[in-house]
Every structure is written in structure tokens, then in C-alpha cells.
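Comments concern the structure below.
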4 protein chains.
Amino acid sequence: MPQVTEKTRRTPRQSRSEATVEAILEAAFQLLEADGIEALTTNHIAERAGVSVGTLYQYFGGKQAILAGLAHKRAEAARDRIAEIVIAGPELGAVRLIVRTLATAFEGSPATRRALLDALTAEGGDDVVMRNHVTFFDMIAGKAALGFDLSPEAGFVLTHAVVGLLRAATIESELALNPQALEDELVRLMEAYISALLVARSA
Amino acid sequence: MPQVTEKTRRTPRQSRSEATVEAILEAAFQLLEADGIEALTTNHIAERAGVSVGTLYQYFGGKQAILAGLAHKRAEAARDRIAEIVIAGPELGAVRLIVRTLATAFEGSPATRRALLDALTAEGGDDVVMRNHVTFFDMIAGKAALGFDLSPEAGFVLTHAVVGLLRAATIESELALNPQALEDELVRLMEAYISALLVARSA
Amino acid sequence: MPQVTEKTRRTPRQSRSEATVEAILEAAFQLLEADGIEALTTNHIAERAGVSVGTLYQYFGGKQAILAGLAHKRAEAARDRIAEIVIAGPELGAVRLIVRTLATAFEGSPATRRALLDALTAEGGDDVVMRNHVTFFDMIAGKAALGFDLSPEAGFVLTHAVVGLLRAATIESELALNPQALEDELVRLMEAYISALLVARSA
Amino acid sequence: MPQVTEKTRRTPRQSRSEATVEAILEAAFQLLEADGIEALTTNHIAERAGVSVGTLYQYFGGKQAILAGLAHKRAEAARDRIAEIVIAGPELGAVRLIVRTLATAFEGSPATRRALLDALTAEGGDDVVMRNHVTFFDMIAGKAALGFDLSPEAGFVLTHAVVGLLRAATIESELALNPQALEDELVRLMEAYISALLVARSA
DNA sequence: GATGAATGAGAGTTCATTCAT
DNA sequence: CATGAATGAACTCTCATTCAT
């Protein structure tokens, strides 16, 4: 049974280890893109990465951990970019920029995106986006003059509405939605909600 | 390899067949609740249902088809209930009632709910909720006087925002969100969005 | 991890199943003799038996269970033979016959004998010889006019002295002990002990 | 593959080396007690001992060698104590003292005792107790006035009856034998046998 | 001498699926 | 229609051991 709980077995300190970890993640991403989640096995990943399975298991607890590692890297990058946006504080276009950042956070084919998104939620709480959603959106909320008394539920809705819709859009590829139009609607949704929160607050 | 494409092999007409199908679905649901998705195997389901694996394969194309069957039963029930709500036309509370119906559509533990939700999306387009979202929300849209020129993207957002958020809420069980407060926020989100759509339309 | 606790997964009722079980045990014995315990794998056993691994796992919980099955078959046969000896009641030679029966209970090479003996003890209490030693030796004890108040410890010594020595003799093959002389000494040991017990009892 | 043949690679003379060897043995013993033989790996031992695996392999030929080292330490201590007993020559109680010494030779849980006992026999002839059993019991035999013409088989029985029974008693822990009563029976067994040997000799 | 990252053969095991009965 | 014994490809994961640093 895989050790899902313990993501990293050996925290790499030396450059050789770091390169190995990087090679494993890169190999996993390539295979994911090429053959899909079904064909993604630890043996294949190790082979493609040019290391032995044993080495792979030295750094990752199993397939899920690798997927999670891949997803986290992207999620963190997205979060950093959003943080920059908020700090830079382009008053009006902030919501649109954030939506756009999230929409492009996960590179790769729809199937890959879905796999990574699932890996994030499969961890059950270790999800960076989720775990940090309060801190994260407090920043936005502060910028938007909502103050800090955003309820957990409102924060949750603010965070997950966009991510959830992007997830759904990724899966529902055959609907052939217009990305631009979708972005417009997402922005409309978020701005309408934020306005409603502001109104409720001032009441 | 499971036959994802062909969901039902034999459409039951006789009562004995119906009972068998029912027993299989019920067995699957019980095992899902009791042991989780990991322990859910066709052999176990057949055993619990009191039929042989062979018989199970006479009615279902495989594990995924069973899960999908389970999910569809719920999804259809939810859709029917929502249709009634819309027809009954309780002007003001409609959005809230719909949200509530969706929130309670899937019984069972969070893990079970997630598994069923995933089964729905895993089908890749056969999803009743998704496939019918235009028809479905056109009804709502009509009631709400939005007219029929709801863009596909707006319809998509309208449908999936709620479902996606409920999905996220189900998974993120440790956040311990207040169901009532969450419902309030969902209603706020939807009503704000609908208003925004109305405003945009009239402009 | 193998399911050591649950020896048989499917109790065979039909002749086909019985033949399969028999084939597996026979294959295991042959491989044990030919290549030793190290080379004994479930895959090899299945191949040699002419069945698939899956089938093997339908009947046995794993390698240990197969070994245990093999050992039990022999142990039971030995016990039956000893029971016959006691019932037949050849007054003087009984001890020698019992010793001889135990000495020849496990066919095969020393390594095989050791493996089977170990499998018996590895079960931790399910061992037929051990578990039944009281019942078993009460019969002998009765014959020997010791009565039924044989202490558990005396019964234990009676049972295990011979088995333990045979085990040791099997392992210590390089000592090249003379089987006949060893048998003589074992008989001497047992008869001396029984006499001592009788003396103690009459005192 | 473990190098069973070559037990020690480097015989330590310096104190640092001795400390390392000691740390490894101690670590192995602790892990054996805590987690059982299954969880005992060279990597774990090295980690617990505070050395690298490489260092471990500098001093021990492998896992078996470590286990053997552990067992030998105890076996040698027991032999020395028994030698003292024989030399001290307390005529009547000697057998009882020897039995008691053997019974307490291996500290630790039953599982640990079994593992160490097995390590001793697994060496296949390098076993100190076994290899030296003639020399060893000749001393006792001499003391007991049996002379030097003790047959190898009688010597074997003399040595292994006690050890084998203690092994069996260790494994069969659920029988909950009374240690004192068991000791009594072992003494009875040995004294009866020695007497029988004496009688046979004088005949 | 010490290190510890890397190895990799191969073990055990699962389970969706088939098809002869 | 039902059965369930049989299948077997494929998977995850271990761990004793080596050797370049």
C-alpha cells in the first residue's frame, strides 16, 4: 500500500538529489501528457526519468505523491503570481487578471489538467489553494475594501467558484466553450458577487 | 478493461431483472459507504448483491457503469425536483430551493458523494446534468425573464458554479463550513450573477 | 502483505477445485525440493502447477499458507499413524514405533523438512502437533498407565523433546549422525523420562 | 544477496570501531524488540545506530551476520556461565543450574528470542553451541563420571533436548506454561537420561 | 574510514473480465 | 439466463547491497 500521507521520504539537500526529483517530476508530466493517467506507472516514470524505481520511492511515496508534487508546483506558482497582482494593485482589472492567471495555471492537455486538479483535491486538505484560501483572499478582500470580516463561507465561495468552474470547463471539453467568453462570464460572476458582499456589508 | 462506452447491456423489462439491477446498485452503494471506493470491486458487489459476477456483467458494462448508474439515479431525481420547483414557480425563493435541492441530491458520506460526483464527470459527456444544462437552465432563465439568448458560457457558469462549489465543499470536509451559511452565500452568488446578466441584457 | 491468518480463501467443493489445490501443493513441494525455499515464489508455484497466480490466490492466502498446507498434510498423516500404533497397543515397542513415525513424518531433503517444520511453528499456535499434544499424548500416557494427571509441562516435554531433537538433527546435517543410533538414543530418552514420571507418580 | 559466509569484515581493535559495532548490535536488538524481525532492515539498523549503511557493511557481512552476532554474544555468555558451573562442580544441583542458565540465556520478547535462536541455526554449522557440543558436554560427562565414550548421538541428545524444548516453549507462548514446573520437568528429563546412560555403560 | 544516493531484480498481490458449464 | 472458477497482465513497493564521492 502506498504511503499517501508521507509525501517526501528523503528531503533532498544535495544538488544530485534535486536533479533527480526534478527529473522524476518532468518525466511524470511528459508521460501524463503523452499517454494519460492510465498509463502512468511508477516504473514508467522511473524509466523515463532515467533512474531506478527504488530511487523514485526514495523521494516519493508513490504515484499520488508525484502527481501532487506536480500539481503543487503549479499551484504555488499561480498563487505567487496572484499575490503579485494584488500587491501591484491594478484596481479595476485585478479580478480579470486573477481569473486569467487561474485559467492558465495548469499547462497541458485537458486530461493532464484534470489529473493535476484531482491530485490536489485527493490529498484531502493539504491542498495549497484550499488550505490558504483565507489568507489568500484576505489580501484580495483587503484590496477590495471588504475588510477582514469575510465569513469563511464567503471566502470559500470566492476561492472555489472560479477554480471549480475552470475544472468543469476543462472536463467539459466537448462543449467547446469560447475561452474569452468564459473569462468574461467568470469576471462578471466574481464582480457581481463581490459587489453583493459589499452591499451586504454596508447594510 | 472496462467498457465505458456501453453503459447498459440489457435493458430490464421483467421484474426479476429489475430486482437484480436494483440489488446490484444497492450493494454497490452500501459497499461504497462502508469501505470506500478502494474496496469497491465487481466481485464484492456481486457477492453482496447475491448474484454472480457473470450476472453483474449481464446488466452493467463494468465498475464505472455501476457507479454511473448510481449517480444518474440521484442526478435525475434532483433534476426532476428542480423542474417541479421551476414549474411551481415560487418567484422569490426559487434560487434558494434549487440550491438546496442540489445540496441534498447526493446522500451518503462525503467520500461517497465525491465518488458519485466523479463518476458523473468521468463519463465524459454522458453526464445528464451537463448535457442538459442548456435545456435545463433555459427553464430557469425563461422563468427569470432572461429570455433565450443566454450564452452557452453564461449557462455553463450558472449550472456549474453551484455544483462545483458543492463538490468542493464536500471534499473540504475539514473546513467544517456551516451548511446554512454556505447556502446563503451560494444564493447570494447566484442571485448577484443573475442580476448582472439582466443588467447586461437590458443595456 | 500476505494474509497469514486466513489460510483458505475459497473452500473447494467441486472436484475441479480439489484437483487445483492438489496441483498447487504438489508443485510447491517439487519446487521446494528442487530449488529450496529461496526460489519458492507464488508465481513459480502457479506456473509449475499449471494454473494462474490468480487461481493460486483464490485458494491460498500466500506462500506461507501453501507451506502450512503442505506441512499440515504430513503432520496429520503422522498423527493418524501414531494413533493407530497406540490403539494397536504393541506394549513394548510403542515408544520406538512412535519415534520412528515422527522421524519419517516429513519426507524430502533436510532443507525441505526444515522449511515445513518452520511453517508449522510460524503459524503461531495453529500447529496441529502442538495444539493437540495433550489429547495426543494422553492416549500414550493412558497406555503407559500414567493416568490422566499428566501435567501440561510433562506433556509438553514428552511431545516436543522428540520433535525438537528431530528438527535439530535435520538442521545439523553436517554432523552426520547415525540415524539408527539417534533413534536408539531418542527411545532411551523417552523411556527414561516415562519411567521417571511413573516413579514420581507412585511416590 | 547477503554474504552469509563471511561474518565479520573488520575485527575492531580501536575503541571507536568497538563502539560502532556495539551501537549496531544494540540498535538491531532494540528494533527487533520494538518492531519484530519483519521491520528489521539494514537501513533501519544503520539509522538507529547513527551510522551510515556503508559503515554497517564495513563491520558486518549483512543482516544475518548482525543477528548472528547478537545471538553469539548471548550464547557465549551462557556457555561461559555453564562452564563455571561445571568447574565449580556442585554435584547435585548442576543439571538444574545448567537448565536454568540456558532458560535465561536469551533476553527479550519471545519473538526476539526466536529470531536469535533461528539466527543461530541459520548459520548452518557455525553455531557455537552446536559445533562445540561434544567438547562442551564432555566436560559435564566427565564430571558425571560417564567417561569419554559418550556417543555423538547421546551427546547430541544431551545438548539439544534442552535447547529444543526451550525453543518450543518460547514459541508456544500461548500455552502459558509454568516456568518453574517446566524447569522441573526438564531437570527430570535430563537426569533420567543421564542415569539411563550410566546404567547402559555399566552393563 | 565514512557516507548515503542509487540500484533493480523480483516478490507478492489484485481484480476486471471471460466463458465453459 | 446464471454461474463462478479461472485468468494474467500489470502493478506497487522492498531492501540488501554497492561504490563514487
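Numbered from 1 within each chain, the chains take letters A, B, ... in sequence-line order.
Minimum atom distance to the side chain of C:T41 is reached by E:dA11, of the listed E:dA11, E:dA5, F:dT7.
Positionally, the nearest nucleotide of DNA chain F for A:L40 lies more toward the 5' end than for the other of D:T42 and A:L40.
Atom CD1 of A:I66 and atom CG of A:L25 lie 7.5 Å apart (nearest 0.5 Å). To the nearest 0.5 Å, atom CZ of residue B:R74 and atom CZ of residue B:F29 are 5.0 Å apart. Distance CG/A:L32 to CD/A:E38: 11.0 Å, rounded to 0.5 Å. Here the CG atom belonging to D:L70 is positioned 11.5 Å from the CD1 atom belonging to D:I24, to the nearest 0.5 angstrom. Note that the NE2 atom of B:H44 and the NZ atom of B:K63 stand 10.5 Å from one another [nearest 0.5 Å]. Between C:L31 atom CG and C:T112 atom OG1 the span is 10.5 Å, to the nearest 0.5 Å.
The nearest whole Å value for the distance from the CD atom in C:Q64 to the C1' atom in E:dT13 is 15 Å. Residue D:F60 contributes atom CZ, which lies 16 Å from atom C1' of F:dA16 at whole-angstrom precision. Residue A:Q58 contributes atom CD, which lies 8 Å from atom C1' of E:dG4 at whole-angstrom precision. Rounded to whole angstrom, the span from the CD1 atom of A:I24 across to the P atom of E:dA6 amounts to 8 Å. Going from atom CD1 of D:I37 over to atom P of F:dA16 covers 10 Å, rounded to whole Å. Taking atom CG of residue C:L67 and atom P of nucleotide E:dG12, one finds them 11 Å apart after rounding to whole Å.
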Would you write out the dot-bracket form of DNA chain E, 5' to 3', with Watson-Crick and G-U pairs under 3.5 Å, [ ] for crossing pairs, | for pairs to other strands and . for unpaired bases? .||||||||||||||||||||
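Remark: A:T20 is in phosphate contact with E:dA6, judged by side-chain N or O atoms under 4.0 Å from OP1 or OP2. Neither OP1 nor OP2 of F:dT7 sits under 4.0 Å from any side-chain N or O of C:Y57. Note on C:K63: every side-chain N or O is 4.0 Å or more away from OP1 and OP2 of E:dA11. For D:Y59 and E:dA2, the shortest distance from a side-chain N or O to OP1 or OP2 is below 4.0 Å.
DNA chain F is contacted by C:V51, C:S52, C:V53, C:G54, C:T55 of residues 43-56 of chain C, taking any non-hydrogen atom closer than 4.0 Å.
Residues satisfying the salt bridge (Lys or Arg N to Asp or Glu O under 4.0 Å) criterion with D:E33, sequence neighbours excluded, are absent altogether.
A donor-acceptor contact closer than 3.5 angstrom is absent between the side chains of D:S17 and D:T20.
Here the shortest heavy-atom pairing between B:L56 and B:T42 reads CD1-O, 3.6 Å.
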